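As structure tokens, the structure follows; a few thoughts come after it.
Fair warning: this is a prediction, and the values are worked out from it, not measured in the lab.
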Amino acid sequence: MQNKAVDALVAGFLDGGCSFTTNVPGAKSQLIFEKLGGKNISINERVAVETAYGASLAGKRSVSLFKNVGLNVSLDPYVHAVFNGVEAGMVIVVIDDIEVTSSPERQDSRALRDMFGGLWLEPNSVQNAYDFARDAFSYSEKIDMPVVIRLTNQFFRLSGDFVRKNKKSAFKLQKINREKYINNWLVRNKRYKQNLLLVDKLVDSLYQKPSFSKEKGIIIVGAAEEYLSKEDFKNADILYLNSYPFPKKLVNKFLNNHQEVEVFELGFDYATSRISLLAENENKIKYHPIT
């Protein structure tokens with residue numbers, strides 16, 4: 001069965017130069033894996049990420065896919081990749097089973113981002129899925145850490161078309177800077193903090209500067225648009241957020257220009273709570289729990 005969202009993601013990864021894929025089946029992750037031609041099914045998520053990280057260090061752009069109850073299992077190699085850096089771009093796709101259709105419990109992986117920072121992306125359209133998947137490898141190489149793409153059940157219901165761009169050349173491994181991996185923790189920590197600043201700059205470049213004209217504002221995080229009505233779009237300014245961290249200046253401007261702001265997101269109130277911290281009056285922020 002054709003799924004436009006999955007097709008867009010797969011096309012993006014292939015056009016971006018993906019050459020190694022690992023998977024722990026669950027929450028539709030295997031659909032993406034199979035269409036990528038993946039052959040490396042791992043016994044658990046830790047092994048999946050370790051293997052993908054090894055591929056990155058060997059010069060292969062890699063993707064590792066699994067569902068929400070797996071990112072915590074893979075934290076050890078994931079954290080090492082965040083702090084030590086990558087060679088070829090590395091992407092982790094975590095599928096948060098918000099509707100609990102194939103998981104033992106409902107989790108929201110985004111809380112793990114607060115522990116280590118980094119760049120997380122959450123596509124909100126079919127075209128956006130293609131663009132993020134295609135560019136995630138170069139983002140990873142630029143910020144020198146893995147990029148996480150968070151998907152939800154709602155992502156797989158997205159419809160629409162996407163336009164493929166010119167294919168990127170495959171990553172070419174240069175001479176490895178071995179000191180990057182053996183320096184003491186102070187040197188690594190300094191580089192890690194510099195990389196976090198690169199993340200903030202990169203996020204700012206992902207968004208255009210919209211104009212605002214209405215009193216009410218609505219923030220849509222990820223693929224939550226299906227829960228809005230036509231009237232919502234007529235009576236409010238809409239701000240789409242599809243990255244963590246948020247572009248703080250843009251969010252601040254949106255909050256300052258609206259008397260009331262409603263936030264639609266998929267999962268717990270992760271985005272809402274952080275947006276509320278930026279608001280001068282937290283009571284103006286209304287959270288819409290989607291279960």
Side-chain angles (χ1 to χ4, degrees), residues 9 12 16 81-83 85-86 89-94 109-151 155 162 165 168 189-214 217-225 236-258 261-267 269-280 284-285:
L9 205 69
V82 168
F83 281 96
V86 301
M90 177 181 174
V91 180
I92 295 174
V93 178
V94 58
S109 300
R110 295 175 295 175
L112 295 173
R113 188 199 163 270
D114 288 350
M115 300 172 67
F116 315 108
L119 176 63
W120 286 44
L121 304 171
E122 188 169 347
N124 57 23
S125 70
V126 172
Q127 184 65 54
N128 189 214
Y130 170 82
D131 293 337
F132 275 168
R134 179 180 180 273
D135 295 334
F137 300 112
S138 60
Y139 293 162
S140 173
E141 291 152 12
K142 184 174 182 178
I143 64 175
D144 198 22
M145 59 179 66
V147 169
V148 176
I149 295 180
R150 179 196 188 233
L151 306 178
F155 168 81
F162 63 96
K165 302 175 183 177
K168 291 187 174 182
N189 192 55
K190 181 179 179 180
R191 187 177 68 242
Y192 165 70
K193 289 183 176 179
Q194 290 172 339
N195 289 340
L196 292 181
L197 293 176
L198 291 177
V199 170
D200 289 335
K201 290 182 179 179
L202 178 57
V203 165
D204 287 338
S205 71
L206 297 178
Y207 294 85
Q208 297 179 343
K209 297 180 180 179
S211 59
F212 310 123
S213 60
K214 300 173 183 176
I218 291 178
I219 295 178
I220 303 175
V221 184
E225 185 173 316
D237 289 321
I238 308 293
L239 176 62
Y240 293 92
L241 294 180
N242 51 21
S243 71
Y244 311 97
F246 305 134
K248 289 184 179 179
K249 290 183 179 179
L250 178 59
V251 173
N252 270 322
K253 182 178 179 181
F254 192 80
L255 295 176
N256 292 335
N257 278 269
H258 297 92
V261 175
E262 298 182 54
V263 181
F264 290 79
E265 62 177 310
L266 303 166
D269 61 343
Y270 178 87
T272 305
S273 61
R274 283 144 188 81
I275 292 170
S276 296
L277 292 174
L278 298 175
E280 294 181 0
K284 73 188 294 184
I285 309 298

* Check against side chain to side chain contact (heavy atoms under 4.5 Å, CB included), Phe264 and Val221 -> CA-CA 6 Å; Phe264 290 79; Val221 184; over 6 Å; no
* Could you walk me through whether Tyr240 and Asn128 pass the side chain to side chain donor-acceptor pair (under 3.5 Å) test, one step at a time? => CA-CA 11 Å; Tyr240 293 92; Asn128 189 214; over 6 Å; no
Enter the distance from [X]:[atom1] to [Y]:[atom2] here, rounded to the nearest 0.5 Å.
X: Ile275; Y: Asn252; atom1: CD1; atom2: CG; value: 10.5 Å
X: Ser205; Y: Asp200; atom1: OG; atom2: CG; value: 11.0 Å
X: Leu121; Y: Leu206; atom1: CG; atom2: CG; value: 7.0 Å
X: Phe254; Y: Ile218; atom1: CZ; atom2: CD1; value: 8.0 Å
X: Lys209; Y: Asp204; atom1: NZ; atom2: CG; value: 9.5 Å

Going by heavy atoms in the side chains, are [X] and [Y] under 4.5 Å from each other?
X: Leu241; Y: Leu239; result: yes
X: Tyr139; Y: Leu202; result: yes
X: Ile219; Y: Glu262; result: no
X: Val126; Y: Leu9; result: no
X: Lys190; Y: Asn195; result: no
X: Ser213; Y: Asn257; result: no
X: Leu151; Y: Pro123; result: yes
X: Ile220; Y: Asn124; result: no

If every non-hydrogen atom of [X] is compared with every non-hydrogen atom of [Y], which pair is closest and at what distance?
X: Phe162; Y: Gln127; value: CA-OE1, 3.1 Å
X: Val94; Y: Ser109; value: CG2-OG, 3.4 Å
X: Ala129; Y: Phe155; value: CB-CE1, 3.6 Å
X: Ser211; Y: Asp237; value: O-OD1, 4.5 Å
X: Val203; Y: Pro245; value: CG1-O, 3.4 Å

* With ring centroids as reference points, do Phe132 and Tyr130 lie under 6.0 angstrom apart? -> no
* Check for a donor-acceptor pair, side chain of Glu265 on one end and backbone N or O of Ala271 on the other, with a separation under 3.5 Å. => yes
* Asked: So Asp114 and Arg274, salt bridge (Lys or Arg N to Asp or Glu O under 4.0 Å) or not? Walk me through it.
  -> CA-CA 11 Å; Asp114 288 350; Arg274 283 144 188 81; 2.3 Å; yes
* **salt bridge (charged side-chain N to carboxylate O under 4.0 Å, His left out) contacts in which one or both residues fall within residues 243-254, not counting sequence neighbours** => none
* Asked: Does the side chain of Ser243 come under 3.5 Å of the side chain of Tyr207 through a donor N or O and an acceptor N or O?
  -> yes
* To do: Go through Asp131 and Lys165 one step at a time and tell me if the side chain to side chain contact (heavy atoms under 4.5 Å, CB included) criterion holds.
  => CA-CA 9 Å; Asp131 293 337; Lys165 302 175 183 177; 3.3 Å; yes
Report, one line per pair, each donor and acceptor closer than 3.5 Å where one atom sits in a side chain of residues 140-150; sequence neighbours left out.
unit_1	atom_1	unit_2	atom_2	d
Ser140	OG	Met90	N	3.1
Ser140	OG	Met90	O	3.4
Ser140	OG	Met145	O	2.8
Glu141	OE1	Arg61	NH2	2.9
Glu141	OE2	Arg61	NE	2.8
Glu141	OE2	Arg61	NH2	3.2
Glu141	OE2	Gly89	N	2.8
Asp144	OD1	Val86	N	3.0
Asp144	OD1	Lys180	NZ	2.8
Asp144	OD2	Lys180	NZ	3.3
Arg150	NE	Asp96	OD2	2.7
Arg150	NH1	Glu122	OE1	3.1
Arg150	NH1	Glu122	OE2	3.0
Arg150	NH1	Leu266	O	3.1
Arg150	NH2	Asp96	OD2	3.1
Arg150	NH2	Asp108	OD1	3.4
Arg150	NH2	Leu266	O	2.7

* To do: Using the six-membered ring of Phe116, assess whether NZ or CZ of Arg113 lies under 6.0 Å from its centre and within 45 degrees of the ring axis.
  => no
